Amino acid sequence: MVLMKITFPLQRRVRLAQGLWLLSWLSVLSGGFLFCLGVYLKTELIRRAEIMDYTDIHVVPNILMMVGLASIGTNWFASRVCQDSLDATRFPRWKPFLLGWFAMAVVLCSLLLAAMVLCFALILYFLGNGIRFYRDTDVPGRCFQKETIDRLQMELRCCGNNNYRDWFEVQWISNRYLDFTSKEVKDRVRSNVDGRYLLDGVPFSCCNPASPRPCLHTQLLDRNAHYNFELQTEELNLYNRGCRQALVEYYMGLMNRIGPGVLSVIFMQASVFVSLRYLQTATEGAMALENPEDDSEGYLLEKSIPETIEDCKSQVLTLLKLGPVDPGDAEAPAEDKGAADAATSG
Amino acid sequence: MALMKVKFDLKKRVKLAQTVWFMYWFSVMAGVLLLTMGLFFKIELRKRSELMDNNESHFLPNLLIGVGLIASGMNAFGGKICYDSLDPSKFVKWKPMLKPFLISCVGFNGLLLLTAMLCFLMRIPLQFTLAEGLKNGMKYYKDTDTPGRCYMKRTLDTMQMEFRCCGNDNYRDWFVIQWVSNRYLDFSAKEVKDRIGSNVDGQYLMDGVPFSCCNPASPRPCIQLQMTNNSAHYSYDHYTEELNVWKRGCREALLSYYGGMMNTIGALVMLVTLVQVAVTVGLQYVNTSLSTLANPEDPESESEGWILEKTVKETFTDIMDKMKAMGKGNQVEEGGEAPVATVS
């Protein structure tokens, strides 16, 4: 009992081949689109590489680029197949490759889906603890951390990891710029166990330009330091968002724009897959007929799904059965050899 | 003696017409490109019109848009003529309007050249507009409660951060204006009263700059207040400190941004002019090669094509004579009466 049988007169076969040719060229374009997407994502990640210490996220754009290139190749192959499908002399040479093609298409689509899922999962893990290294502008390897974090806070309009108070718990001013002879510095350094210079101030990059008042970013917890300033009610002075949340939202937005594109690519690839299967079975059926221009039948699977699974299982078992049979064959020649040796020696 | 005469047989004519048709489609796209550039420039000017006192001249982008539209239209028309030139029956209906069309093409090329030169020259009025606009912008920085000016602070801050500049010419411009609103000054404090008393206009001037002047590349957290007081900050010398705030003035930054944009657009307009000249020459060849068929009935006969029928000098004297003749035509009527009057 065949799965999803459709009758194909010659005219319909021709139209199927033409439609499939067009569809496969569209899929080549979408493969190129995937590749470009992968390149774009990779450059975005490299730009933010210094504050993200989770380098495994690069696997996502790498997968996208690989799948893009592979899908260009496979869809070009599909277009060649349907060009030749209407010519009975040229079609048979593609036959052995078609099973491999179907397997490749399934692998590509599943890789793409895996990349999407991986992306969404990794986003929640990739943020780093960059603000710890803000002050180390003289430490090789970390000297650009300050500039990167300042630019990140200004660009994404965020402050600190979760909010601006994160800066109160970190020494973000290097010891080079602290006068250790002054009483104020000595008091602050002694006020905590680790001997760090902590203050109730934030870097200038936390300032919000939309504030009606010139930015106040030092002595934030001191009520008397600034005229008519109440930290709790002042909303526009500094950015309220934490950078972790801001980065997540930014990349979520990016994914929301890319997601539908990738899903439509998968859908197109699936339709190429189904159409090629129909074309293959219809053309093979037509070539087997006495008059190749007669109606033929196309189907997805020759037998129903349970029967096909049984078939596959038995094929795999036959392949495996070859294993135990071999030692038996090896023993027989060995016995003969032993008999021959015994004959010559005896 | 014709200018740049070339012999044509049928095959060569067909090839010429096809090449010129292809070039016309390319120049249609060039016309669309001009249109896009004009729109882009207009949008960029609009985005920052606050910083230019809403006074900026939109003449150049409007000209680019107009020229782009005309170029696209004329080139599409020229392409259609080339397409029809291969069919003698269709070409006949275009023949009478071909000469005026070619003359208008030449005129349009002159207009394109003028536009390109304008792109390079408009930098100068822009400089003055920017200087005026930025000065006023800084004056209104503190007026975040005045309707119509409440966004000046945000505009100026984002501009200084984006273009990496501070003040009009340099950061000291902020020292001579009051950029902190009176709402946030405690007039009972001694320090405020001293500062206000220290100048004629009663303005609260300070040696500090807004946070948007800060340079993130500085190894040290930004020092934006008490900048000229070396003792206020540890290990700080404001004469040698280079990376603390942006050193460039915003007028220079904006001018180089818009200047670069205009230079690029000007260069592209020059390229489009060259393409236009090429297609005009091509169309002239198509026209002349089809008009000088040795045997008008036989489409496969040989013909000649040229740019000008006579040399440049002779064509020029011809045009001058024609214009003089037109002018003399009026004078001869008057002169004819005078001799009659004197004779009799």
Side-chain angles (χ1 to χ4, degrees), chain A residues 134-139 142-155 157 167 170-182 184-185 197 199 201-219 224-230 234 236-239, chain B residues 141-146 149-162 164 174 178-189 191-192 204 206 208-226 230-237 241 243-246:
Chain A
Y134 185 82
R135 64 189 153 106
D136 294 333
T137 48
D138 52 349
V139 175
R142 292 198 217 136
C143 45
F144 287 114
Q145 205 74 288
K146 176 185 176 296
E147 185 177 355
T148 311
I149 292 178
D150 278 334
R151 287 205 194 285
L152 186 78
Q153 292 194 144
M154 289 199 288
E155 232 179 271
R157 305 188 215 187
W167 288 107
V170 166
Q171 178 179 349
W172 52 273
I173 301 181
S174 174
N175 286 338
R176 284 176 293 155
Y177 308 118
L178 295 173
D179 181 10
F180 282 97
T181 57
S182 85
E184 184 245 343
V185 174
Y197 181 81
L199 65 158
V202 295
F204 77 93
S205 44
C206 281
C207 287
N208 186 355
S211 163
R213 177 177 194 156
C215 183
L216 299 166
H217 58 95
T218 51
Q219 296 172 295
N224 301 322
H226 309 285
Y227 179 64
N228 197 13
F229 175 67
E230 183 67 51
E234 196 67 43
L236 286 175
N237 188 37
L238 304 172
Y239 293 126
Chain B
Y141 184 84
K142 60 174 164 57
D143 295 335
T144 47
D145 51 349
T146 312
R149 294 194 210 137
C150 45
Y151 288 120
M152 189 50 90
K153 177 183 176 295
R154 185 166 72 175
T155 311
L156 217 54
D157 278 335
T158 41
M159 187 216 26
Q160 290 193 147
M161 290 198 290
E162 203 182 314
R164 308 190 191 188
W174 288 106
Q178 177 179 350
W179 52 274
V180 182
S181 172
N182 285 339
R183 285 175 291 155
Y184 309 117
L185 293 172
D186 181 9
F187 283 95
S188 56
E191 183 244 344
V192 176
Y204 180 81
M206 46 196 278
V209 294
F211 76 94
S212 44
C213 282
C214 287
N215 183 357
S218 163
R220 173 179 200 155
C222 184
I223 293 170
Q224 51 164 140
L225 299 169
Q226 292 178 297
N230 282 348
S231 51
H233 314 280
Y234 180 66
S235 176
Y236 171 69
D237 181 3
E241 197 68 42
L243 287 175
N244 189 34
V245 293
W246 300 118

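None of the values given here were measured: they were computed from a predicted structure. Letters A, B, ... are given to chains in the order of the sequence lines, protein chains preceding strands, and every chain is numbered from 1.
Closest heavy-atom contact between A:Tyr227 and B:Asp186: CD1-CB, 3.2 Å. Considering every non-hydrogen atom in both B:Tyr234 and A:Asp179, the closest pair reads CD1-CB, 3.1 Å. Closest approach of B:Thr144 to A:Pro212, counting heavy atoms only: OG1-O, 2.9 Å.
The line from CE of A:Met154 to SG of B:Cys214 is 9.0 Å long, rounded to the nearest 0.5 Å. A distance of 12.0 Å separates CD1 in B:Ile223 from CZ in A:Phe204, rounded to the nearest 0.5 Å. Atom CE of B:Met161 is separated from atom CD of A:Glu155 by 10.5 Å, given to the nearest 0.5 angstrom.
Neither the backbone nor the side chain of A:Pro203 comes within less than 4.5 Å of any heavy atom in chain B.
The candidate with the highest count of non-hydrogen atom pairs below 4.5 Å against chain A, out of B:Gln224, B:Lys153, B:Arg183, is B:Lys153. The choice from B:Leu185, B:Thr158, B:Val180 that makes the most heavy-atom pairs within less than 4.5 Å of chain A is B:Leu185. Comparing B:Ser212, B:Ser218, B:Cys150 by how many heavy-atom pairs each has under 4.5 Å with chain A, the most go to B:Ser218.
Dense packing is recorded around CZ of A:Arg213, with more than 12 heavy atoms of other residues, nucleotides or ligands lying under 6.0 Å away.
For A:His226, the ring-ring contact (aromatic ring centres under 6.0 Å, His included) partners are A:Phe229, not counting sequence neighbours. Listed by chain and number, the residues in a ring-ring contact (aromatic ring centres under 6.0 Å, His included) with B:Tyr141 are B:Trp174 (sequence neighbours excluded).
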